[in-house]
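Notes follow the structure.
Basis for what follows: all heavy atoms, side chains included, without hydrogens, waters or symmetry-related copies.
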Amino acid sequence: GIASDKNGLICKYPSESEQSKIMEIIYSIKAAGVDSKDGLKLKSVMDSFDNIDLFILACTELSLMSKHLGKAPCIDSLEVLADSALLYTD
């Protein structure tokens, strides 16, 4: 995307298999709420990536998982949106 090109960032996307696992986690959260087991599953998918400095949690369900991911380097898009909304209202 434009931001990554402008800032010299390289974006990596999940493979079909990884995306399938992520979707299973999202559907699980939608069906039963947040569970630490889903956090472990998501962390496992994140650990499968090589040479990643930062992950973007770009789904509201994944935003709910941030506290279950330990010190994994993440940007929570929902948190960024909320922070931006607060700045806009000032």
Side-chain angles (χ1 to χ4, degrees):
I2 294 171
S4 62
D5 294 341
K6 185 177 177 181
N7 295 306
L9 303 174
I10 298 171
C11 294
K12 295 185 180 180
Y13 298 92
S15 66
E16 284 185 41
S17 172
E18 292 160 337
Q19 185 63 43
S20 178
K21 291 175 185 175
I22 293 168
M23 293 306 299
E24 286 178 24
I25 295 165
I26 291 169
Y27 292 137
S28 174
I29 294 169
K30 285 182 176 225
V34 177
D35 184 327
S36 61
K37 291 179 187 175
D38 292 322
L40 293 173
K41 290 177 188 176
L42 182 57
K43 185 76 170 86
S44 175
V45 172
M46 293 167 74
D47 288 344
S48 70
F49 281 85
D50 290 326
N51 301 318
I52 297 293
D53 296 319
L54 183 69
F55 291 92
I56 299 175
L57 302 177
C59 173
T60 53
E61 286 78 18
L62 296 181
S63 290
L64 299 172
M65 298 302 306
S66 60
K67 67 180 178 185
H68 295 283
L69 298 176
K71 295 188 183 249
C74 297
I75 292 178
D76 180 347
S77 62
L78 191 58
E79 187 175 320
V80 171
L81 178 62
D83 288 346
S84 296
L86 292 172
L87 289 174
Y88 181 76
T89 59
D90 284 344

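- L78 contributes atom CG, which lies 11.0 Å from atom CG of L62 (distance to the nearest 0.5 angstrom).
- The local environment of NZ in K67 is sparse, with at most 12 non-hydrogen atoms from other residues, nucleotides or ligands closer than 6.0 Å.
- Taken together through direct or relayed side-chain contacts under 4.5 Å among Ile, Leu, Val, Met, Phe, Trp and Tyr, L57 and L40 form parts of separate hydrophobic clusters.
- Residues F49 and M65 fall within the same hydrophobic cluster, defined by Ile, Leu, Val, Met, Phe, Trp and Tyr side chains chained together at heavy-atom separations under 4.5 Å.
- Taking all atoms of both residues into account, the shortest heavy-atom contact from Y13 to E18 is O-OE1, 4.5 Å.
- Atom CG of D53 has 12 or fewer heavy atoms from other residues, nucleotides or ligands within 6.0 Å.
- For C59 against S77, the heavy-atom pair with the smallest separation is N-OG, 4.0 Å.
- Nearest heavy atoms, H68 versus G39: CB-CA, 4.0 Å.
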Take E79 and S66, measure what side chain to side chain contact (heavy atoms under 4.5 Å, CB included) needs, and give me the verdict at the end. CA-CA 10 Å; E79 187 175 320; S66 60; 5.8 Å; no
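- For the pair K12 (side chain) and D50 (backbone), a donor-acceptor distance under 3.5 Å is present.
- Atoms CG and CD1, on L64 and I25 in that order, are 13.0 Å from each other to the nearest 0.5 Å.
- L42 and I52 fall within the same hydrophobic cluster, defined by Ile, Leu, Val, Met, Phe, Trp and Tyr side-chain heavy atoms under 4.5 Å apart, directly or through other members.
- Of the inter-residue distances, the one linking S48 atom OG with K21 atom NZ reads 6.5 Å to the nearest 0.5 angstrom.
- When the shell of 6.0 Å around OH of Y27 is examined, it contains 12 or fewer heavy atoms from other residues, nucleotides or ligands.
- Hydrophobic clustering, with ILVMFWY side chains joined whenever heavy atoms are under 4.5 angstrom apart, groups V80 together with L54.
- In the hydrophobic clustering of ILVMFWY residues, with side-chain heavy atoms under 4.5 Å counting as a link, I26 and I75 come out apart.
- With rounding to the nearest 0.5 Å, the separation of OG in S28 from NZ in K37 is 9.5 Å.
- Within the model, atoms CG of D38 and CD of E61 stand 11.0 Å from one another, a figure rounded to the nearest 0.5 Å.
- Of the inter-residue distances, the one linking D35 atom CG with K41 atom NZ reads 8.0 Å to the nearest 0.5 angstrom.
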